[in-house]
Amino acid sequence: MSVYKLIQYSANGQTMRYPLLNKFNDSYKAGASRERVQRPGLYGLLSVLIFGSVACSDQPPEVVTIDDSIKTSEASKSATSLVLWYDKPAQDWMSQALPIGNGRLAAMVFGGVDEEHIQFNEESLWEGGAGEWPAYEGGNRPDGHRYLPQVRELLNQGKFEKANELAQEKMSGQFLGEERSSDGYSYYKGFGAYQPFADIRVALVDQGEASEYRRELDLEQGIVNITYTARGIEHRRTVFASYPDRIISAQFSNTSERGQDYRIGLQSLHQHDIQWSEGRLRLVGALKRNGMKFEASLDIDAPGASLSFSDNALMVSGAKELQLTLAAATEYQAVAPHYKGRDFAADNQQVLDAVETLDFDTLLARHQEDYKGLFERMYLRLDGSDAALSNLTTEQRLQRYRSGAADPALEALFFQYGRYLLISASRPGSMPANLQGKWNDRLNPAWASDYHFNINIQMIYWPAEVTGLGELQQPLIEYMDRLREPGRKTAKQVFGSPGWVVNTMNNPFGYTAPGWGFPWGYFPGGAAWLSQHAWQHYAFSLDEQYLEQRAWPIMKEAAEFWLHYLQTNEQGELISSPSYSPEHGGISKGAAMDQQLAWDLFNNIGEACNVLQDHQSFCDQVAKAKSMLQGPRIGRWGQLQEWAEDRDDPDSKHRHVSQLFALYPGNQINLEATPALADAAKVSLVARGDGGTGWSIAWKINFWSRLHDGDKAHQLLRRLLRLTNEKSIKYGESGGGIYSNLLVAHPPFQLDGNEGGTAGMAEMLLQSHAGVIALLPALPTAWPDGEVKGLRARGGVQVDIIWRAGELVEARLLAQRTGSYRIRVGKTLSTVTLTAGQPYLYRL
Ligand code: FUC
């Protein structure tokens, strides 16, 4: 490859509507205006691939000076408003209450008239670990590695069942048993589960009948509002979670002459005490099984009102305005092996003291400045929804949509909701979002509301980079960085290997062993998959210091495991053994997903090597291993094989479609470079059908987008957005759907479905995985007119697009680095030179 010169982006004084790229951590910021010589990586240049049948033109499209020619249309403005609203209080936590969060704290707001109920969580309140099980060792069987050669030998002899039995007995992880409840949910003893924290209940004495009731979540403002009139008195509540101030804040106001009476209580499902002193209501508790201590502290401010404390509740009499400020913390600390030690009471006090003198409006303004700084980086308008639709509640709109009516603006609302939820559940400094983000009201949430690394948590982060929220991946990347320590132990003890691993299920107490359930728990590929996220943050941000200091060590150590784990077969190819295709079939050798994960990791390491120009011998070793990997195989019915053996069942409708990892989120298979494999992937996808759990349907939106079939992707989106009320665990055809609060149902609620759906919609509008920036690659006929601003392409390019009658009108590209870029619209491929920081208007 040729060597060329790049000048890194330096701010040029020009006012940008959107901030350029987001970086995790100031200490990793690359110096501006640094000159360096660099070999072009896939995303660095985006111009070096060979394109099959795509028509190429070397003529750059027309260049138009930028004068804000992309304008926001006024059309159908109200139908496109980014508000979820309802005309009744929520009765049900999962399907109706409205979520707020600041990354660390999360809450569900019910909006009752006689009683406001705010159920809340703090991210670190977890049962499980050494506190519950003194002999807990991250689930590892220390002798597991001794049996690995035998398991491999059995697989070599084709004795798959025997190999499964042995691996199950000797290598699978440990726990203390399962407690099943009648509704199908389980508690996994020793492993633990994410816990609900407590509930704020504010009873409004003497309300009578309410009229003009409205409960809304305003995504543009990042707040929940409740308004109604009762006995001629207007009531208004606003609730939000603030990241800068680390609190949840609620204001209750009313127009009553003498003020309103409120009774305020804090309650928890866990053992606790309530204390009242100096304007603060405190709930101090400890978990039953592992003893983890926690405290919630609620500041209560009601100017002019009288306060009295009795029966564990606070009576506030005659308040025209009531302000509640909540801080909550636990003793959890992310340090092995005990994972505790934080002075949570001092933490809460510090948080509340810091905001004591600030009034509600100031807190709100600080929250909104922070929140909007993220949310407003992107804008999406899908035209075609009648303005009158804004008179329908969100639930009515979903009902209408379910009966077949079109509502592109509702789809755009769903898209932005995914961004809202990610902003609420994952912020720099927080833990990563878990299966339910940070929202949970149960002692035994489904799958422990844990960190599942065989698709789920990765999917939650799919939309982060492309929708302009790259720094929200920081919690995931910091988390995997910390996971390396327990992950090394598992690699050594269970696999006799260097490097680090994590398997299917993980808790914040370093459970990196294969899960106890076999074979579903077996998935050493977890770390390789996570490493993709470490790389992708670089691919979008081009932050070299981050790549060198944060991503590289994580990726390198994950690759060390794979270099050791892969076995050479008789044909001299490298294959994974034992290998498992999540959660389908038993263990075997060379399952497609493992092969693709290893390829993806090695490929990204190759890209990183080009950037860092260091680590030569390791880079050579990885490149060699990559070239020896057994590649994707096309089977007897034209399918992309899920296993090394050609044994795919054309009738299987299994929700995991792991053999298509290479199509999305990987890029080993793509329409440009590997059309035959893309065709095979399509055959497999068609056979699997359109059903599945929420996340499975969401994944299929992304697959079809990568296959550039916008109408099919949209059909899947419609399927995902089918209103449901199902809350018990369902798979397959009866899975998927959306609740009236727009949370996606596995069922039950799992955040991956929301985020995978948002990522899929982004993928319909912009793709950049194959060395080309594809504009509107999978635009469905259902979205004839629209506009999007602030999407991000790999290689540090920000993209705005406007389209009419299904055709691109114009796009604005803002590159972070000067260079040559390939742009594709339909079959037209152009090469353009983008200048760092200079918007470029592209027209066909
Ligand atoms: C995987 C999936 C299940 C569920 C669980 C949390 O195991 O197969 O459907 O989403 O994760």
Side-chain angles (χ1 to χ4, degrees), residues 94 126 128 139 172-173 175 178 180 183-188 191-194 425 432-440 442 444-462 502-508 511 513-526 529-530 580-587 591 593 642 652-661 665 688-689 691-700 702 720 724 726-739 743-757 759:
M94 191 174 292
W126 267 78
S172 60
F175 77 136
E178 187 169 342
R180 271 183 190 276
D183 52 13
Y185 292 50
S186 291
Y187 180 81
Y188 311 108
F191 177 82
Y194 182 49
N434 61 45
L435 284 174
Q436 294 182 185
K438 297 282 163 74
W439 296 276
N440 170 36
R442 299 180 60 111
N444 63 343
W447 294 285
S449 191
D450 71 351
Y451 298 105
H452 254 66
F453 288 132
N454 67 359
I455 174 72
N456 315 89
I457 304 302
Q458 289 93 336
M459 183 180 280
I460 287 174
Y461 285 92
W462 285 352
V502 60
N503 285 267
T504 308
M505 280 181 91
N506 164 258
N507 65 13
Y511 195 106
W516 51 88
F518 198 87
W520 62 255
Y522 192 88
F523 187 59
W529 195 338
L530 282 170
Y580 177 55
S581 191
E583 301 177 18
H584 201 195
I587 55 165
M593 178 178 254
E642 184 163 358
S652 168
K653 303 289 175 218
H654 199 274
R655 64 194 180 285
H656 284 269
V657 202
S658 307
Q659 69 274 34
L660 267 54
F661 168 88
R688 279 290 158 90
T693 57
W695 62 258
S696 175
I697 297 170
W699 201 356
K700 289 170 184 169
N702 288 277
L720 188 68
T724 182
E726 181 62 65
K727 278 161 233 141
S728 50
I729 295 174
K730 290 276 182 303
Y731 302 92
E733 284 300 310
S734 50
I738 196 164
Y739 301 120
L743 292 179
V744 167
H746 175 291
F749 159 54
Q750 228 172 254
L751 185 59
D752 44 20
N754 283 89
E755 303 302 340

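Every number for a ligand or one of its atoms is a count from 1 in the order of the listing. Residues take their numbers from the sequence shown, with the count starting at 1.
The contact set between ligand 1 and Trp695, taken as ligand atoms under 4.0 Å from a residue heavy atom, comprises 2 (C), 3 (C), 4 (C), 8 (O), 9 (O), 10 (O). Set against the non-hydrogen atoms of His746, the atoms of ligand 1 under 4.0 Å away are 3 (C), 4 (C), 9 (O), 10 (O). Remark: ligand 1 atoms within the under-4.0 Å shell around heavy atoms of Leu435 are 6 (C). Close approach of ligand 1 to Tyr731 is summarised as follows: ligand atoms under 4.0 Å from at least one heavy atom of the residue are 9 (O). Counting the atoms of ligand 1 from 1 in the order shown, those under 4.0 Å from a heavy atom of His656 are 2 (C), 8 (O).
Considering backbone and side-chain atoms alike, Thr693 places every N or O at 3.5 Å or more from each N or O of ligand 1. Checked by distance only, ligand 1 and Thr504 stay at 3.5 Å or farther apart across all their nitrogen or oxygen atoms. By the 3.5 Å distance cut-off applied to N or O atoms, Gln750 is counted among the residues near ligand 1.
Between Phe191 and Trp126, the ring-plane angle classifies as perpendicular under the 30° and 60° cut-offs. Using cut-offs of 30° and 60° on the angle between ring planes, the pair Tyr188 and Phe175 is tilted. Using cut-offs of 30° and 60° for the angle between ring planes, the Trp529 and Phe661 rings count as perpendicular.
To the nearest 0.5 Å, atom CD1 of residue Ile697 and atom CZ of residue Arg655 are 12.5 Å apart. Atoms CH2 and CG, on Trp699 and Leu660 in that order, are 7.5 Å from each other to the nearest 0.5 Å.
With atom 1 (C) of ligand 1 as the reference point, the heavy atom nearest to it among His584, Glu583, Gln436 is part of Glu583.
Partners of Phe749 according to the ring-ring contact (aromatic ring centres under 6.0 Å, His included) rule, which considers only residues two or more places apart in sequence or in another chain, do not exist here.
If you look at Ile455 next to ligand 1, there are no close heavy atoms at all, none under 4.0 Å.
Side-chain N/O atoms of His452 and Asn454 include no donor and acceptor closer than 3.5 Å.
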